[in-house]
Number of protein chains: 2
Amino acid sequence: MHILRSLPLFSTLEDSELKEIENVLMSYSYDKGQIIFSSYDGANGIYILTKGKVKLYKSFAGKEQTIRIFSPVSMMGEAGALKGGNFPANAVALDKVQVLFLPKEKLTEVIRKNPDIAMKMIGILSERLFHLVGLVENLSLKDAVSRVYDYIVHKADQNGKVEFKTTIVAMELGLTAETVSRAISQLKKRGKVKKEGKIVQLLY
Amino acid sequence: MHILRSLPLFSTLEDSELKEIENVLMSYSYDKGQIIFSSYDGANGIYILTKGKVKLYKSFAGKEQTIRIFSPVSMMGEAGALKGGNFPANAVALDKVQVLFLPKEKLTEVIRKNPDIAMKMIGILSERLFHLVGLVENLSLKDAVSRVYDYIVHKADQNGKVEFKTTIVAMELGLTAETVSRAISQLKKRGKVKKEGKIVQLLY
DNA sequence: CGAAGACTTGAAATAGATCAAGCGTTGTGG
DNA sequence: CCACAACGCTTGATCTATTTCAAGTCTTCG
């Protein structure tokens, strides 16, 4: 089964059409730290992440805010390609990354031909919107301790454990490492979590 | 010409289909301060704002963040209706407001039947995404004075004039009225803008 | 083992919010 | 048509959360 099938957008596409898409796909790889696309680039297609992690972020005046972190298999850059113009943000490889590139002409052709795909794309964009509204809520309404706590709850496994690297979490939450460190101290003091090495454990 | 025609989404729709939509529209009105929908409501349709202004916002722990302010004629709530589930945020009337409500079944039917409409809806959602990414950038990376200045540049007409109501701008930018007022003083002092009554004038 | 990087903790700095007071504008009811 | 109440705007004085700066400790791994 082709990897495109793992993408919700294309999961229901007919084999013949999938084949057509495969024919126009380009494959690229990037090393850690390399820029995959930036908000200064014209968006002439979408990227499908097949290996590695990618950080989507905005930067301005030396500061940086992470929008989201992508893991395989995900679609990236669709809003830019579908609106026309540039990408809304920058994407950087967090490790060795492999992507497939699909030109927007082919993408729009497929969408136009398949109402199901169109509806799925609409669903995906709506989901992205929800995610961003959540991010706005976090950034502007919640304080550092709540954000760190929410992060832990959100990422914890069944046993309430998370691997926790202060610096990384700080980036994801748009805080400094110092603030995250202090937040964890607070949460420990309040009996909300326990920390052993790099594992944070939720307490109930 | 029916008011639906002023909506980009429906501007190219055929008369017969427009008629069909009109038949299922419900009309509602709200007074200043009334909630039109909230993030606790199941989203079973979209709202078309035909009169008045509406604030879309998130709230948490007594604080509030405006996502955007709608003026006629705009579509509201589409991400909720198209994703399924609840609305992503709350909408409140800022003055006397009139809306049309279109059930999501009819909306999706129209989208499925018309690839043009589907592509337009995709474009609209992508635009919303850009707007939200911009909001995130503003909230986390820019200081109050830049945000107010950007707002003016963005909204200014050909002559560099904007109607400027401190309270409204404060809401849109997620700042307090006091901070916006101080920002304008700064910009005046720096010779960036002039203010006469409620009109702010960009200087070059 | 030792050096570089990651984490913690304290002290100072800062941006914006909040609190407070005064002033201008508007619009409504007498 | 006036009066005054309500609201919006401005400006000053605190207050507060988070960043920044600094120093010390811990980890890890070549």
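Chain identifiers are assigned alphabetically (A, B, ...) following the order of the sequence lines, protein sequences preceding nucleic acid strands; residue numbering begins at 1 within each chain. All of these numbers come straight from a predicted model, not from anything done at the bench.
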> Does C:dT8 have OP1 or OP2 sitting under 4.0 Å from an N or O in the side chain of A:Ser185?
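For A:Ser185, the contact criterion (side-chain N or O under 4.0 Å from OP1 or OP2 of C:dT8) is not met.
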> Would you indicate whether A:Lys142, at its atom NZ, is surrounded by more than 12 heavy atoms from other residues, nucleotides or ligands within a distance under 6.0 Å?
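Enclosed: over 12 neighbouring heavy atoms sit under 6.0 Å from NZ of A:Lys142.
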> Any donor-acceptor pair under 3.5 Å linking the side-chain atoms of A:Lys120 with those of A:Thr12?
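Yes.
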> Please check if the side chain of B:Ser38 supplies one atom and the backbone of B:Tyr40 the other of a donor-acceptor pair under 3.5 Å.
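Yes, B:Ser38 side chain to B:Tyr40 backbone: donor-acceptor pair under 3.5 Å.
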> Classify the angle between the aromatic ring planes of B:Tyr28 and B:Phe101 as parallel (below 30°), tilted (30 to 60°) or perpendicular (above 60°).
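Correct class here is perpendicular.
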> Just grab all the salt bridge (Lys or Arg N to Asp or Glu O under 4.0 Å) pairs involving residues 18-30 of chain B, residues at least two apart or on different chains.
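For residues 18-30 of chain B, and leaving out neighbouring residues, the salt bridge (Lys or Arg N to Asp or Glu O under 4.0 Å) pairs sorted by first residue read B:Glu20-B:Lys106.
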> I need the CD1-C1' distance between B:Ile184 and D:dG8, as an integer number of Å.
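Distance, rounded to whole Å: 15 Å.
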> From NZ of B:Lys32 over to P of C:dG27, roughly how many Å is that when rounded to an integer?
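It is 12 Å, rounded to the nearest whole Å.
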> Could you list all the ring-ring contact (aromatic ring centres under 6.0 Å, His included) pairs where at least one residue sits in residues 49-79 of chain B, not counting sequence neighbours?
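Output for this query is empty, none listed.
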> If I take atom CG in residue A:Leu173 and atom P in nucleotide D:dA17, what distance separates them, rounded to the nearest angstrom?
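A:Leu173 atom CG is separated from D:dA17 atom P by 18 Å.
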> Tell me if a side-chain donor or acceptor on A:Asn86 pairs with a main-chain N or O of A:Ser39 at a distance below 3.5 Å.
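Looks like yes, one N/O pair under 3.5 Å.
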> Is it the case that B:Glu17 and B:Asn114 place a side-chain donor and acceptor less than 3.5 Å from each other?
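There is such a pair (donor and acceptor under 3.5 Å, judged by atom type) between the side chains of B:Glu17 and B:Asn114.
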> What string of B, S and - do you get for nucleotides 13-21 of chain C, 5' to 3', if B is base contact, S is sugar-phosphate-only contact and - is no contact with any protein heavy atom under 4.0 Å?
---SSBB--
> Please report, rounded to the nearest Å, how far the P atom of D:dT10 is from the NZ atom of B:Lys189.
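Those two atoms, NZ and P, are 14 Å apart.
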> Rounding to an integer number of Å, can you tell me how far B:Leu187 CG sits from D:dT10 C1'?
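My rounded result for the distance is 15 Å.
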> Protein-nucleotides 3-7 of chain C N/O pairs closer than 3.5 Å?
unit_1: C:dC7; atom_1: OP1; unit_2: A:Thr166; atom_2: N; d: 3.4
unit_1: C:dC7; atom_1: OP2; unit_2: A:Thr167; atom_2: N; d: 3.2
unit_1: C:dC7; atom_1: OP2; unit_2: A:Thr167; atom_2: OG1; d: 2.3

> More than 12 foreign heavy atoms under 6.0 Å from NZ of B:Lys63: is that the case here?
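Correct, the count exceeds 12.
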> Pick out the pairs of N or O atoms, protein on one side and nucleotides 23-30 of chain D on the other, that lie under 3.5 Å.
unit_1: D:dT28; atom_1: OP1; unit_2: A:Lys198; atom_2: NZ; d: 3.4

> If a pair satisfies ring-ring contact (aromatic ring centres under 6.0 Å, His included) and one of its residues is in residues 142-190 of chain A, list it, with sequence neighbours excluded.
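Listed once each, the pairs would be none.
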> Would A:Lys96 pass as a cation-pi partner of A:Tyr30, given that its NZ or CZ must be under 6.0 Å from the six-membered ring centre and within 45 degrees of the axis?
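Because its charged atom misses either the 6.0 Å distance or the 45° angle limit, A:Lys96 does not stack over A:Tyr30.
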> Starting from P on D:dT11, measure out to NZ on B:Lys188 and report it in whole angstrom.
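Rounded to the whole Å, the gap is 6 Å.
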> Check the distance between D:dT18's P and A:Leu141's CG and give it to me in whole angstrom.
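Distance check: A:Leu141 CG to D:dT18 P gives 13 Å.
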